[in-house]
Amino acid sequence: MRNNACLRLRGRTAARLVSRAVFASVLLAACLMFLASGAAGEPGSQPALLLGAAWYPEQWPESRWDADLQLMEDAHLHVVRVGEFAWSTMEPSPGHYSFAWLARAIRLAEKHHIAVVIGTPTDAPPAWLTSAHPEILRVDAAGHRAEHGGRRQFNYASPEYRVFCATIAGQLAQRFGHDPAVIGWQIGNEYTDESFDPQTRRQFDNWLRRKYGTLDALNRDWTTAYWSQTYDRWDEIPLPTDGGNPGLLLDHRRFVSDTWRSFQQVQIDAIRRYADPRQFITTNIGGLGWSDNWDHYEITQPLDQAAWDDYVGEGHLNVARNAAMHDFARGWKRKIFWVMETQPGSVNWAPINTTLDRGETRAMAWQAVGHGADAVLYWQWRDALNGQEQYHGALVGPDGIPLPIYSEICGIGNEFERASAALRGTKPVAQVAIVVSYDSRWAIDFQPHSKNYDQLQVLLGSYRPLRDERLTVDIVSADAPLDSYKVVFAPSLNVISKELAAHLLAYVTQGGHLLLGPRSGMKDEHDALNIERQPGPMVVPLGGRVEQYYALDGGVPVSGTLGSGSASIWAEQLSKSTPDTQVLLRYGKSNGWLDGQPAMITRPVGQGRITYLGAILNPDLMHRIISWATAAAQIQPEFGAIPANVEVCRRVGASHTVFVVINHGSAAAKILLPAAMHDLLNGGQVGSVELDPQGVAVLSKGTD
Ligand code: GLA
C-alpha cells in the first residue's frame, strides 16, 4: 500500500512538481507575453511597434465585444481606435452623456492587452444637434446647405459648432483622460470640406483685414486694378468658389488652413485641460497624403504626432508614390508618425475596388515601418451591418468569422512583435531632403499652364532616383531647418519670398547644395510675379535666370556634361550672368527658341552650391543628375547594390541600425548584405537574404 501510497504520493508529488513546473513555465510565458505586449497604456511597456484596427463597439451588441477583442489579440493587434463616429451614442440627447459603454469596451480591450486611441466624434454631429442648430451645417460652393445622414456635414468655421465640439471633447477627456488603457486622442476625422456660408465669408474678410490692415495694401498686392477688381469695402471680397485672382485664391487657402487649425485647437485645448500629458493628440490626415485642401505642416504643428490614412484604392501598391507619402508624413513633424488607417485588402470608394495581392498588405505594412511609422491600423475591423461602407475591406465578416486577409494580418502582427524591441527608438535618418511648400503647390495648381503638369510626378522625378541610390529621403517644408542635409532638392518652389530666399541662401552658404527645379521663384508671397524673373530673389546668388518658360506638347532633346536625354511637359530657357556660373545641359533642336539654350546651370556660392534645372527630364537623365549631386556631396549609399524592385529602408538607433528589405517584384530576389546582420524575423545571423515576391526581411546590425 505504502508503496502504492508512496507511489501515489510520489506520483502526486511528481504530478505536483510537474504541474508546478507547467504552472511556472506558463507563468513565465505569460510574463514574457505581458512584458512583450505590455499592460495597455503604460508608456514603454507596450510594444514599440503597434498593429491595430478601427473598432466600432457602438455598432455591435456588447455580448460580441469580447470575441472580437480575442480575435484581435490572437492576431497580435495591440491598439484600436474607437469613437470617432459615435457622438449619437456618447450623447444621445443634449447634455446627456453616456460613456459607460465606452468605459466597458476599453476595460475589455485592456484585458486583451490592447491599447485605445479615442477619436473625438466631431466629423459626424448627431441629428438632434443639427436639427436644433442648422446654422452649424456646411454650405458647399454651390450654396447648398448639407443635411443629416452622412458625415462631414458640419461647418468647420462655425463658432457655435466649436462650442459643441469643445464640450464633447472635454467630457470625453474628463472621463478617459487618465485611463491607463487610453494612449492617445484623434481629433475628428480627415478634415476635408470647407464651407461657403455668409458667416464664414465674413470671417474670411476679417482674416484679410487683420493680414493687410488696409484695402490699399490688399489692392496693391493683388494688383486689383486688373479687370477692375479693386475693392472699396472688405465685404465685397468673395469666398472663391471657381477660380479667381491668384492673390485671393492663395489667401483663401491660407484662411482654410488657419480655420481648420483653430477648429482643431479648440478640441486640443479641451482635451489637454483634463488629459494626462502621456496621452498623445493627433488627427488622421486623409486625401491619400498628398491632398492640398489645407497646409499639412500648419495643421500638424500643434499635434504631438502626425498620422495619415494610407490607401491604395484601385490596383496595386505604387511603391515610390507610397514611400514618398510616408516620407512626406514623417516630414510634417520631422519625427516618427502613425498610419492611422490602411486597407485590409480592399476599399469601397475606388472606381474598381480591387483587392491587394496576397502578401501585398504585409509588404505595405513593413514599408510604412521602414519609412518611420511606429503603428499601422487597418480600416476596419468589421463592416457595420448597414451604412455607406458595407463593401469596405475588413478583417472579420458579418458573421464575426475572420475573412481571408485576417491570416495575413496575423502574420504581420506576429512579425511586428518579434521586431518591436529592435525598432524601439529608431528612426529614418536622411542625408538628403526634398522641400515642398503649400504656397507653391497652390500657386502652380491655380495656374498649371499645362494640363500635364503634375507636381507629385515632378517630385517623384527626384525622389525615385534618390531611393534607387538606397538613400533615405526626408520630404520637408521649405522653411524647415536644412543644415543636416548635404543636398536639398526643390522640384517646384514656385513661390519664393524674400524670407524664404534668405533661409535657402543661408543653407547654401554654410555648405549645402540647393538644386532648384522648373518654375522656381516665379511668384512672391502674394502669388504676384517676382519682377526679377525666375528664380526671383535667388537670381543674383544663382548668377543666372529664366529668360522664358515653355509648356511642351512633345519632347525636346537635352545634352551636356551630365549626359543626354529629353525634356517634356515644361522647359525653361536659362541664361547665365556671371563667369563662375556653369552650363551643365543645353537644349537641342526644337522650337527655335530653346535650340542650343542652357537648360541647367550651376554656381558655387559660399561653401555650397546652387543649381537650377529648368526642365522636366526623362528618368535616365534625372538619375545622372542625382548621382552627380550626391557624388559631389560625397553622400554614402546606406546599403549595397540591390536587385530591381527591391526596396531598402533604414532606421537608425543609438546602438544599432535596422534595415527593412522588401521585394516588391514578381520574381524571387537574392540580396547580398553589406555586412552580416541579425535576422529579426527568423533569428540568426545572415549575410544574404532570399525574398519571394512581396517577401520581407527585417535585419539589424550594431552601429559601426
Ligand atoms: C477614410 C475614413 C474612414 C473610412 C475610410 C474608408 O479614410 O477616415 O472613416 O471612410 O476612409 O476607406
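Both ligands and their constituent atoms are indexed starting at 1 by order of listing.
- In terms of protein heavy-atom proximity, atom 6 (C) of ligand 1 is closest to His392 NE2, 3.1 Å.
- Every atom of ligand 1 is numbered from 1 in the order shown, and the set under 4.0 Å from a heavy atom of Asn189 is 2 (C), 8 (O), 9 (O).
- Annotation: atom 10 (O) of ligand 1 to nearest protein heavy atom, Glu389 OE2, 2.4 Å.
- Atom-to-atom distance recorded for His296:NE2 and Lys333:NZ is 14.0 Å, nearest 0.5 angstrom.
- Looking only at heavy atoms of the protein, atom 5 (C) of ligand 1 is closest to Tyr311 OH, 3.4 Å.
- Counting the atoms of ligand 1 from 1 in the order shown, those under 4.0 Å from a heavy atom of Phe85 are 9 (O).
- In this structure the side chain of Phe416 never reaches within 4.5 angstrom of the side chain of His78, judged on heavy atoms.
- Ion pair Glu147/Arg152 not flagged as a salt bridge, since none of the NZ, NE, NH1 or NH2 atoms sits closer than 4.0 Å to an Asp/Glu carboxylate oxygen.
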List the steps and the verdict of side chain to side chain contact (heavy atoms under 4.5 Å, CB included) for Trp294 and Arg261. CA-CA 9 Å; Trp294 34 266; Arg261 182 169 168 152; over 6 Å; no
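- Proximity to Trp349 (heavy-atom distance under 4.0 Å) selects the following atoms of ligand 1: 6 (C), 12 (O).
- Ligand 1 places these atoms under 4.0 Å from at least one heavy atom of Asn284: 8 (O).
- Remark: ligand 1 and Glu341 share an N or O pair separated by less than 3.5 Å (distance only, no angle test).
- At a threshold of 4.0 Å, the pair Glu298-Arg254 does not count as salt-bridged, since none of the basic side-chain nitrogens sits closer than that to a carboxylate oxygen.
- Relative ring orientation between Phe204 and Trp207 is described as parallel, the plane-to-plane angle staying below 30° on a 0-90° scale split at 30° and 60°.
- Within the structure, the closest approach of Arg151 to ligand 1 falls below 4.0 Å when heavy atoms are considered.
- Ring orientation note: the planes of Phe328 and Trp290 are tilted relative to one another, at an angle of 30° to 60°.
- The atoms of ligand 1 that sit less than 4.0 Å from any heavy atom of Asp309 are 7 (O), 8 (O).
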